[in-house]
Amino acid sequence: MAESIYDKNVKFLKENCPKVWEQIKEGDFTSEGYKVLPAKKEGLYFIEAENKKMLLHSRYDPLREARIWAETQNLSEIKHVILFGLGLGYHVEALIERQPDLFLYIYEPDRKIFFSTLEHRDWTLFPWERVYLVFEDGGESCDRFVWHVVNLTKKGWTFLSVPSFERCFGDQLRKLKEQFKKTRQAYVESLITNFSFEKEWTVNALRNLPFIMGSSSIFRFKEYFQGCTAVLTASGPSLNEAVPYLRKLKENRNALIAAAGTSVNGLLRHGLIPDMFVSYDPFPNNFKALKPALSESVPLVFGSTINSDVVKNHIGPKAYFILSQDTIFEYLQGGLDKREVIEDAPSIAVVALRLLDRLGVKEVVLAGQDLAFVGDRYYADGIGVIRSESVSNKEKEAAVEVESNCGGKVLTSRSFMRMKESMEQAVRVSNFERVINTSTYGAKIEGTKFMEWNEVMKDLSRRSWDASLIFKEPEPGVVAGLRKMRRKVGKILAEIEEDYVSVRSKAEEFLKLDSGADEAKKKCIFERLLNSVNLMTSQKKFSAFILPMVRNEVHLLKKSLGEIKSMSWEEKRSFVTEDLTRYLNGILTSIIKLKEVLKEWDSAEQGGSSG
């Protein structure tokens with residue numbers, strides 16, 4: 001008995017298209033709502049969307065219809081097509097027939113359409129090697145599809161939609177386009193963030209290593225936090241109202257008071273000393289903003305990638321925690337408990353909240369966590385940030401409305417919205433019994449419970465916290481250990497630099513070739529260049545020290561590497577002179593910056609010896 005088209009298709013998809021099969025294997029393979037019927041043109045079919053009384057292809061000659069449509073599309077210099085709608089695949093075949101080197105990213109708004117075709121269309125003949133296909137699944141498939149495309153495509157791309165799918169699935173098309181717009185914006189912002197931070201994170205991690213070796217991990221004192229209630233202060237305007245209540249909590253030792261970032265300045269201005277303050281920002285402005293608090297002997301808990309001037313100038317007890325952006329510590333020290341690594345976030349309040357959760361705190365009261373323009377103000381009095389504490393008219397015009405804790409509406413910024421979403425995610429995955437928000441007019445944070453301060457005070461009056469937390473002094477032998485670490489890091493950087501020089505020389509050798517050179521020789525030298533890049537980047541020391549410092553360069557390089565096989569000679573030259581050279585320049589800059597940190601270590605040690 002001959003194999004049916006259905007069985008042939010299923011077998012083929014299982015064996016040759018695992019990513020497609022993975023999306024449909026759990027389905028019931030129902031094609032309810034769609035009917036595949038023979039077209040007038042022999043051997044072709046069309047799909048009728050019964051529930052919408054629409055045709056997804058011509059009932060006469062669907063392939064001719066697709067070819068006419070494809071001919072009207074502007075594909076000049078286009079290599080990547082984002083296509084809304086697959087159906088029977090005729091439009092895809094027409095596009096590739098017209099331009100064979102196209103790669104298509106296809107979003108099918110209902111997988112039942114695909115199920116309906118399995119008994120009629122021979123999918124074994126479809127150009128799957130040039131297709132990335134995602135089906136709408138009612139979950140996160142749209143987000144996943146968009147992120148994949150935005151992160152992969154570099155240039156030469158366009159968005160197309162099959163006309164019948166536009167009419168039949170207008171809502172899904174609008175959703176997809178809106179998601180592309182939103183994701184593209186987030187993508188650009190992430191590139192800007194990486195550009196701003198990528199060098200600072202790793203340089204600070206290395207620069208802070210002497211301070212880390214000279215202090216203890218906050219997780220050594222976990223017993224003091226387990227099961228307690230903590231008040232986490234932020235720098236919003238409502239912190240002013242919270243101060244009298246915080247003072248009573250401090251006097252009665254009802255809760256641990258932890259200040260996030262610059263909120264410590266606001267507390268100190270009112271004569272209130274928190275039990276500790278948490279900071280992580282890698283930029284010099286963080287030091288400028290925190291300067292008033294550094295001489296007040298408030299215990300500091302610092303993230304390992306913080307601006308080193310904060311730690312260097314802080315007077316008093318201190319402890320550290322490792323941030324997810326720090327790739328150096330684990331490589332050099334080893335044995336790091338992943339549960340003691342705190343994920344980075346767009347707000348110190350979120351980082352501090354995650355830290356308290358990992359330390360075993362039972363419940364958290366948020367004070368000053370407004371994430372909105374309360375009373376036309378950004379911050380509480382005396383915070384000391386390097387910007388105006390009041391909201392400008394321009395900022396109000398760009399603001400959006402969100403729900404407040406009191407049930408009304410409040411204006412907020414895109415930046416605050418990102419922090420709010422990050423805070424909500426942190427609360428959602430935490431082990432806290434509850435998180436209380438006390439900001440009456442601040443933005444509502446999902447997962448938190450709003451309570452007035454009088455109610456909070458009554459509730460916390462039965463709580464107590466052991467106030468004997470004292471960060472212990474460092475172990476002896478730090479200087480000798482630092483000298484040994486200096487030699488180890490110096491050797492690592494020398495080895496990385498040697499690999500870099502090797503790659504650079506091979507790149508220069510390739511660029512000396514002209515277009516008339518022997519093809520085999522050109523291919524051999526280009527492959528040697530790629531192999532040397534792979535050899536350098538595959539080593540753990542490179543991943544720990546350099547890779548985090550060239551994130552954007554790596555990202556852009558990978559986009560080009562995906563097209564290497566189809567590149568012409570001139571495109572390969574352009575790849576080496578632009579993308580690879582940008583990448584290598586980023587590596588050289590990173591090596592220089594890290595070597596400068598080692599010089600700072602040497603100067604500090606010599607200064608200490610002479611003193």
Distance-only side-chain donor-acceptor flag, [X] / [Y], under 3.5 Å:
X    : Y    : value
E166 : S161 : yes
Q23  : D137 : no
D110 : Y34  : yes
S76  : N74  : no
W201 : T327 : no

Spell out, as yes or no, whether a donor-acceptor pair under 3.5 Å connects the side chain of [X] to the backbone of [Y].
X    : Y    : result
K79  : L102 : no
E65  : S58  : yes
D326 : I322 : no
R130 : V92  : no
N9   : R121 : yes
D344 : Q325 : no
T581 : V576 : yes
E200 : F283 : no
Q539 : L535 : yes
R64  : D61  : no

Point-to-point distance, once rounded to the nearest 0.5 Å, from [atom1] of [X] to [atom2] of [Y]:
X    : Y    : atom1 : atom2 : value
K8   : L13  : NZ    : CG    : 12.0 Å
E15  : T124 : CD    : OG1   : 11.5 Å
R111 : E108 : CZ    : CD    : 12.0 Å
F115 : I24  : CZ    : CD1   : 5.5 Å
L206 : T305 : CG    : OG1   : 12.5 Å
I5   : L118 : CD1   : CG    : 10.5 Å

Classify the ring geometry of [X] against [Y]: parallel below 30°, tilted from 30° to 60°, perpendicular beyond 60°.
X    : Y    : answer
F302 : Y320 : tilted
F545 : Y331 : perpendicular
F575 : F526 : perpendicular

Original post:
Does the separation of the ring centres of F135 and F114 fall below 6.0 angstrom?
Top reply: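 Yes - the distance between ring centres of F135 and F114 falls below the 6.0 Å cut-off.
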Subject >> Check: Y105 ring centre within less than 6.0 Å of F103 ring centre >> reply: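 Centroid separation for Y105 and F103: below 6.0 Å.
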Closest heavy-atom pair and its distance - [X], [Y]:
X    : Y    : value
L332 : K488 : O-NZ, 3.2 Å
S116 : H120 : O-CD2, 3.4 Å
E136 : P109 : CB-O, 3.2 Å
H57  : P62  : CB-CB, 3.8 Å
S279 : N286 : OG-ND2, 3.1 Å
E553 : G586 : OE2-CA, 3.9 Å

Original post:
How far apart are the C-alpha atoms of N585 and R504, what are their side-chain angles, what is the distance that settles it, and do they pass the side chain to side chain contact (heavy atoms under 4.5 Å, CB included) test?
Top reply: CA-CA 10 Å; N585 288 344; R504 179 72 82 171; 2.7 Å; yes
Subject >> Face-on cation placement of K522 at W569 ring, 6.0 Å and 45° thresholds >> reply: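 Here K522 passes the 6.0 Å and 45° test against W569.
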Original post:
Within 45° of the six-membered ring axis of Y132 and under 6.0 Å from that ring's centre, is NZ or CZ of K19 located there?
Top reply: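 Geometry flag: not set, cation outside 6.0 Å or 45°.
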Original post:
Could you go step by step and tell me if K506 and S502 meet the side chain to side chain donor-acceptor pair (under 3.5 Å) rule?
Top reply: CA-CA 6 Å; K506 287 180 174 62; S502 175; 3.2 Å; yes
**OP:** Before giving the answer on side chain to side chain contact (heavy atoms under 4.5 Å, CB included), spell out for I525 and K521 the whole-Å C-alpha distance, their side-chain angles and the decisive distance to 0.1 Å.
**Re:** CA-CA 6 Å; I525 292 175; K521 183 180 180 182; 3.9 Å; yes
Any side-chain heavy-atom pair of [X] and [Y] under 4.5 Å:
X    : Y    : value
V146 : L176 : yes
L482 : L209 : no
L104 : I96  : yes
E93  : R67  : no
F510 : R573 : yes
M419 : F416 : yes
F321 : V341 : no
K14  : V10  : yes

Mark yes when over 12 heavy atoms from residues, nucleotides or ligands other than [X] sit less than 6.0 Å from its [atom1]; otherwise mark no.
X    : atom1 : value
K41  : NZ    : no
F159 : CZ    : yes
E129 : CD    : yes
E498 : CD    : no
K572 : NZ    : yes

Original post:
In this structure, which one of E571, E578, E570 forms a side-chain hydrogen bond (donor to acceptor under 3.5 Å, both in side chains) with S574?
Top reply: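 Testing each of E571, E578, E570 against S574, the sole residue satisfying side-chain hydrogen bond (donor to acceptor under 3.5 Å, both in side chains) is E578.
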Subject >> From CA spacing to verdict: salt bridge (charged side-chain N to carboxylate O under 4.0 Å, His left out), K338, E330 >> reply: CA-CA 10 Å; K338 298 293 185 186; E330 183 173 14; 2.9 Å; yes
**OP:** Show your reasoning for whether side chain to side chain contact (heavy atoms under 4.5 Å, CB included) applies to K595 and K599.
**Re:** CA-CA 7 Å; K595 288 169 75 173; K599 290 179 182 176; 5.6 Å; no
**OP:** Applying side chain to side chain contact (heavy atoms under 4.5 Å, CB included), run through F169 and F84 and close with a yes or a no.
**Re:** CA-CA 10 Å; F169 302 99; F84 182 75; 3.8 Å; yes
Subject >> Salt bridge present between R174 and D171 (N-O < 4.0 angstrom) >> reply: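 Yes.
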Subject >> Given I492, D499, I587, the one that forms side-chain contact (heavy atoms from CB on, under 4.5 Å) with F542 >> reply: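 Between F542 and the candidates, side-chain contact (heavy atoms from CB on, under 4.5 Å) is satisfied uniquely by I587.
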